[in-house]
Amino acid sequence: MTLTPRPGILEVAPYVGGEAAIPGKNRVIRLASNENPLGPSPRAMAAYATLEKEIHRYPDGDARALREAIARSEELDPARIVCGAGSDELIALLVRGYAGPGDEVLHSEHGFLMYSIAARTAGAEPIAAPERDLTADVDGLLERVSDRTRLLFLANPNNPTGSYLAEAELRRLREGLPEEVVLVIDAAYAEYATQDDYCSAMDLVAEFDNLVVTRTFSKIHGLAALRLGWAYCPPAVADVLNRLRGPFNVSQAAQAAGIAAVKDRQHVERSRAHNARWLAWTLERLAALGFDPRPSAGNFLLVRFAEEPGRSAEAARAHLKKHGILVRAVGVYGLPDSLRITIGTESETRAVVQALEDFAARAAAGAAAEPAAGSGAQA
Ligand SMILES: Cc1ncc(COP(=O)(O)O)c(C=O)c1O
């Protein structure tokens, strides 16, 4: 007998996360998954540690204290908050709630990969709209809307490009969409964005009954291992997510650590300031070395490399790996000439820049030895 899954399931290419280990190397610098290099708040770690003797108990299925803590911290309505095992779970639940076979789920060309994966697992078709200068394009998105479109996902800031849309563009997008299309703004990196015209779109949720914002504890809060995310929703969408989610989808450890994390504003501030400083430093250093880093509103940089042997993104990735540094290849995002590099601690950041300086020098030396291959292109 051959078991047959639902049509389309076997066509889903599973998400592959950033590399986390190098065989034979004990000390690895992990800059492949946009984690907070400063780790979680000490208060979150302490809260997590207190749960050791309680792990035989089911968690609070409503995550009430956590939702209230988030609501207090962000000045929101706790009834509109739905928590999930990472924002990945909420993305998948939103798709399952609103799309199925025959429907379309829209996202931008280089948008976060989970949108197309979630669409396919629900039997819906993901549709990619072209971007402009590696930035989501409102007109391009609106042109791709059809009468089968059910959801539109926009990561803001976007992973892996680091680009974002300002509030006026978000409004133009919402106002240009049919009312029955759910607009999901995925603000996983919201806390890192320092740009004056950036907005996490929380206010828009109160204004429109078809706009959802998702957030995560995996990035600035440094709790990726615990799997914790949340969605801020119109009441009808919160109701749908609450019916779909598992009754105990968020562990008590995640809830306890999450409550402590949102209360520790100092840790968030420290992490934001660290990122702003070393993101700017890395951008400047890489540009000075002749690479092509893009401005970023997140905790990572997308860096483009020359498409030549010895200078390519793949050559750079292999060089970094040899030096014990893991960064993210982004070919699956349609960007085979680029790498995504997370901003690490000061020493990690200096190490990656040093290794790329060495890579550029070797490439230049190679080009000098073989003038035909070089022709003065960037490293
Ligand atoms: C844009 C974006 N959204 C969502 C996620 C998923 O985060 P979580 O760990 O909350 O599932 C990520 C993780 O990299 C991301 O980059």
Side-chain angles (χ1 to χ4, degrees), residues 14-20 30-37 40 44 63 66 70 81-95 105 107-119 121 126 128 131 134-136 151-165 170 183-193 198 200-201 212-232 241 245-246 249-251 253-255 257-258 261-262 275 296-302 326-330 332-333 335 340-343:
Y15 183 84
V16 180
E19 287 182 285
R30 292 169 59 172
L31 305 178
S33 295
N34 297 346
E35 297 145 343
N36 183 346
L66 171 61
I70 296 170
I81 296 174
V82 180
C83 297
S87 45
D88 280 349
E89 183 189 25
L90 296 160
I91 292 166
L93 292 178
L94 283 162
V95 175
V105 174
H107 60 87
S108 65
E109 192 180 353
H110 305 294
F112 181 49
L113 218 52
M114 282 310 295
Y115 311 144
S116 56
I117 293 177
T121 57
E131 298 188 356
L134 296 181
T135 306
L151 297 114
L152 191 166
F153 281 93
L154 178 80
N156 205 43
N158 184 51
N159 167 19
T161 53
S163 55
Y164 72 98
L165 293 186
L170 295 183
L183 173 59
V184 183
I185 311 266
D186 173 350
Y189 300 95
E191 297 90 342
Y192 284 114
Y198 174 80
S200 68
V212 176
V213 177
T214 58
R215 302 279 293 267
T216 184
F217 281 80
S218 301
K219 305 303 172 185
I220 210 158
H221 291 300
L223 297 175
L226 292 183
R227 313 305 303 125
L228 181 58
W230 53 286
Y232 196 54
L241 293 178
R245 68 179 176 82
N249 61 329
V250 178
S251 74
Q255 293 186 36
V262 286
N275 187 68
S296 170
N299 65 340
F300 54 88
L301 284 170
L302 185 74
L326 292 172
V327 298
R328 185 78 144 103
V330 283
V332 284
Y333 283 96
L335 299 163
R340 192 195 68 199
I341 304 175
T342 305
I343 300 306

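Counting starts at 1 for both ligands and their atoms, in listed order.
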Phe153 vs Val105 side-chain heavy atoms within contact, under 4.5 Å: yes

Parallel, tilted or perpendicular: rings of Tyr232 and Trp230 (30°, 60°): perpendicular

Close approach of Asp186 to ligand 1, heavy atoms, under 4.0 angstrom: yes

Backbone N/O of Thr161 and side chain of Arg340: donor-acceptor pair under 3.5 Å: no

Side-chain heavy atoms of Asp186 within contact of Asn159, under 4.5 Å: no

Non-hydrogen atom of Lys219 closer than 4.0 Å to ligand 1: yes

Phe217 near ligand 1 by a heavy-atom separation under 4.0 Å: no

Contact check, Arg227 vs ligand 1, heavy-atom distance below 4.0 Å: yes

Those atoms of ligand 1 less than 4.0 Å from some heavy atom in Ser218: 8 (P), 9 (O), 10 (O)

Leu151 vs Val184 side-chain heavy atoms within contact, under 4.5 Å: yes

Validation row: Asn156, Tyr198 side chains within 4.5 angstrom (heavy atoms): yes

Numbering as shown, the atoms of ligand 1 that approach Asn159 to under 4.0 Å (heavy-atom distance): 1 (C), 14 (O), 15 (C), 16 (O)

Protein contact to atom 6 (C) of ligand 1 [nearest heavy atom, distance to 0.1 Å]: Asp88 OD1, 3.2 Å

Asp88 side chain reached by Arg227 side chain, heavy atoms, under 4.5 Å: yes

Lys/Arg cation over aromatic Phe112: Arg328, 6.0 Å, 45° cone: no

Heavy-atom nearest neighbour in the protein, as seen from atom 12 (C) of ligand 1, with distance rounded to 0.1 Å: Phe112 CZ, 3.4 Å

Ligand 1 atoms in contact with Ala188 (distance to a heavy atom under 4.0 Å): 2 (C), 3 (N)

Heavy atom of Ser87, distance to ligand 1 below 4.0 Å: yes

Tyr115, any N or O under 3.5 Å of ligand 1 N or O: no

Numbered atoms and elements of ligand 1 in range of Tyr189, under 4.0 angstrom, heavy atoms: 1 (C), 14 (O), 15 (C), 16 (O)

